[in-house]
Amino acid sequence: MTSIRIAAAQTPEFRENAGAALDYAVRVAALAEADGVALLVFPESFLQGYLTDEPSARRVALDLASPEFAAVLDRLPKSGPVLVMGLIEIDDGRLFNTAVVVERGVLLGRYRKTHLLPGERAFEAGKDSPLFAVGALRFGINICYDTNFPEAAAKVAASGASVILCLSNNMMPREKAEIFKQLHNAVRGERCRETGLWLISSDVTGERDGRIAWGPTAVLNPEGQVVTQLPLEEPGLLVFDFPCIAPVSYRA
C-alpha cells in the first residue's frame, strides 16, 4: 500500500512573538524534511498566539496579501514539507482564525475556522471547507472547536478528503483542562467514526498564568481509535505514515 509521511508538531505557546514562532517552525521543518515528511501541521494560532480580545488580535493580525505576510513566507523553508499553520488573519478589517497551507514559501490556500466559541467574538466565522492535496493524499482542515460539530467533519468528507488536519490550542485554566484532558480525542474519534476519515491533531503545550496545555497531538484512525500520540505536556514531533487510500464515499 502506498503511504505518505506526515507530521504534527506539539509546540510551546508563542504569544505576540511571530519571530520566535517562525524560528521554531523553521527548526521543526528541517527535522521533518530530514525524516522524509511531506506534510507538517502546526497548532491553531501558532504564529501570533491564541489572542481572542479584539485589540490584541487586531494588533498582530496579518493580511495575506500584505508585504508583512510576504515576509513571513520568505522566512519559511523553500524545500521540504508542505506546512499547515494557524494564524490570526485580517481581511478588509475583519478578523479570522485561519490556517494557511504553504508549499516552499508559496501560499496555496487557507481555511477559516467555521465554529467559534463565545470567547472568540472578535473573529468572523469562515464559510468554506477547501480540499488540499499532497501527492496522493487529500486533506481538509478543522480548527479545534470545529470538531465538536459533525457538519464540520462532514464537509471535509464530502469534499473528497481522506484525512482531517485538526489544528488546536487547548491552553486552559487547570481545572477546565483536567475535565477536557480525556475528551479531546473522544470527540474527535466520533467525527472519524461518522465520516470514515483519519484525523491528525496538533496542539500547544506548557503552562502560563494558572493555565496549562497538555495537547493531545495524536493520530486517530477511521474507527476513532488513537493509533499514536505524543506524550502529554512535552514538545515534540509526531510522525506517521498515512495510507494513501481513496476518499470515502460520504453522504451527509
Side-chain angles (χ1 to χ4, degrees), residues 9 11-26 28-29 40-78 82-132 139-149 152 155-156 159 164-172 202-204 208-209 211 213:
T11 76
E13 182 189 39
F14 297 95
R15 291 172 63 82
E16 299 191 69
N17 193 345
L22 283 170
D23 287 344
Y24 190 93
V26 169
V28 172
L40 172 58
V41 190
F42 288 91
E44 175 185 18
S45 300
F46 169 78
L47 186 62
Q48 305 109 315
Y50 183 63
L51 306 172
T52 56
D53 65 288
E54 185 168 350
S56 297
R58 195 168 291 278
R59 184 170 59 248
V60 301
L62 286 168
D63 185 325
L64 302 189
S66 69
E68 291 78 14
F69 184 66
V72 169
L73 293 176
D74 191 56
R75 287 281 312 277
L76 295 175
K78 303 307 182 287
V82 171
L83 307 179
V84 181
M85 181 179 293
L87 55 76
I88 298 172
E89 178 195 0
I90 190 166
D91 182 14
D92 195 26
R94 301 170 300 161
L95 295 171
F96 296 93
N97 184 331
T98 296
V100 294
V101 182
V102 177
E103 182 175 21
R104 300 181 179 184
V106 176
L107 178 66
L108 298 182
R110 69 184 168 203
Y111 167 79
R112 290 166 168 172
K113 190 173 185 176
T114 303
H115 297 89
L116 301 173
L117 289 156
E120 296 178 309
R121 293 188 182 93
F123 301 111
E124 290 198 24
K127 296 180 175 62
D128 301 324
S129 185
L131 177 69
F132 302 96
F139 66 91
I141 299 169
N142 280 185
I143 297 179
C144 207
Y145 190 54
D146 281 334
T147 58
N148 285 268
F149 299 87
K155 285 183 178 181
V156 174
S159 74
I164 299 172
L165 307 188
C166 177
L167 288 70
S168 296
N169 191 312
N170 283 302
M171 181 67 72
M172 300 178 177
S202 172
D203 211 329
V204 299
R208 165 180 60 83
D209 304 327
R211 294 172 172 263

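In this chain, residues are counted from 1 in sequence order.
For the pairing with Cys166, the side-chain contact (heavy atoms from CB on, under 4.5 Å) check across Thr147, Asp146, Asp203 returns one residue only, Thr147. None of Leu87, Val41, Thr11 except one satisfies the side-chain contact (heavy atoms from CB on, under 4.5 Å) rule with Phe46; the exception is Thr11.
Taking the side chain as every heavy atom from C-beta outward, Val82 and Phe132 never approach each other to under 4.5 Å. When side chains are defined from C-beta on, Ile90 does not count as touching Ser66, because their heavy atoms never get closer than 4.5 Å. Two residues are said to be in side-chain contact when any heavy atoms from C-beta on lie closer than 4.5 Å; Leu22 and Leu76 meet this criterion. Looking at Phe139 and Val84, their side chains come closer than 4.5 Å, going by heavy atoms from C-beta outward. With a 4.5 Å cut-off on side-chain heavy atoms, Leu116 and Arg121 do not count as touching.
When every heavy atom of Asn169 is checked against every heavy atom of Cys144, the shortest pair comes out as N-SG, 3.9 Å. In terms of heavy atoms, Phe42 sits closest to Leu83 at CE1-CD2, 4.3 Å. Minimum heavy-atom separation, Leu51 to Ile88: O-CD1, 3.8 Å. Considering all non-hydrogen atoms of both residues, Leu131 and Ser159 come closest at CD2-O, 3.3 Å.
Applying the salt bridge (charged side-chain N to carboxylate O under 4.0 Å, His left out) rule to pairs touching residues 58-73 yields Glu16-Arg59, Glu54-Arg58, sequence neighbours excluded.
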Review item, side-chain donor-acceptor pairs of residues 94-107, under 3.5 Å, at least two apart:
residue, atom, partner, partner atom, Å
Arg94, NE, Asp91, O, 3.4
Asn97, ND2, Glu44, OE2, 2.7
Thr98, OG1, Glu89, OE1, 2.7

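The structure places OH of Tyr24 at 14.0 Å from CG of Asn17, a figure rounded to the nearest 0.5 Å. Here the OG-CD1 distance, from Ser202 to Ile143, works out to 11.5 Å after rounding to the nearest 0.5 Å.
The side-chain hydrogen bond (donor to acceptor under 3.5 Å, both in side chains) test applied to Glu13 returns Arg208, not counting sequence neighbours. With sequence neighbours left out, the side-chain hydrogen bond (donor to acceptor under 3.5 Å, both in side chains) criterion links Asp23 to Arg75. For Phe123, the ring-ring contact (aromatic ring centres under 6.0 Å, His included) test picks out no residue, with sequence neighbours left out. For Tyr50, the side-chain hydrogen bond (donor to acceptor under 3.5 Å, both in side chains) partners are Glu120, not counting sequence neighbours.
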Quiz item: After noting the C-alpha distance and the side-chain angles of Thr52 and Leu117, does the key distance pass the side-chain contact (heavy atoms from CB on, under 4.5 Å) rule?
Solution: CA-CA 10 Å; Thr52 56; Leu117 289 156; over 6 Å; no
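For Lys78, the NZ atom is densely surrounded, since the number of other residues' heavy atoms within 6.0 Å is greater than 12.
Ring orientation note: the planes of His115 and Phe149 are close to parallel, at an angle under 30° on the 30°/60° scale.
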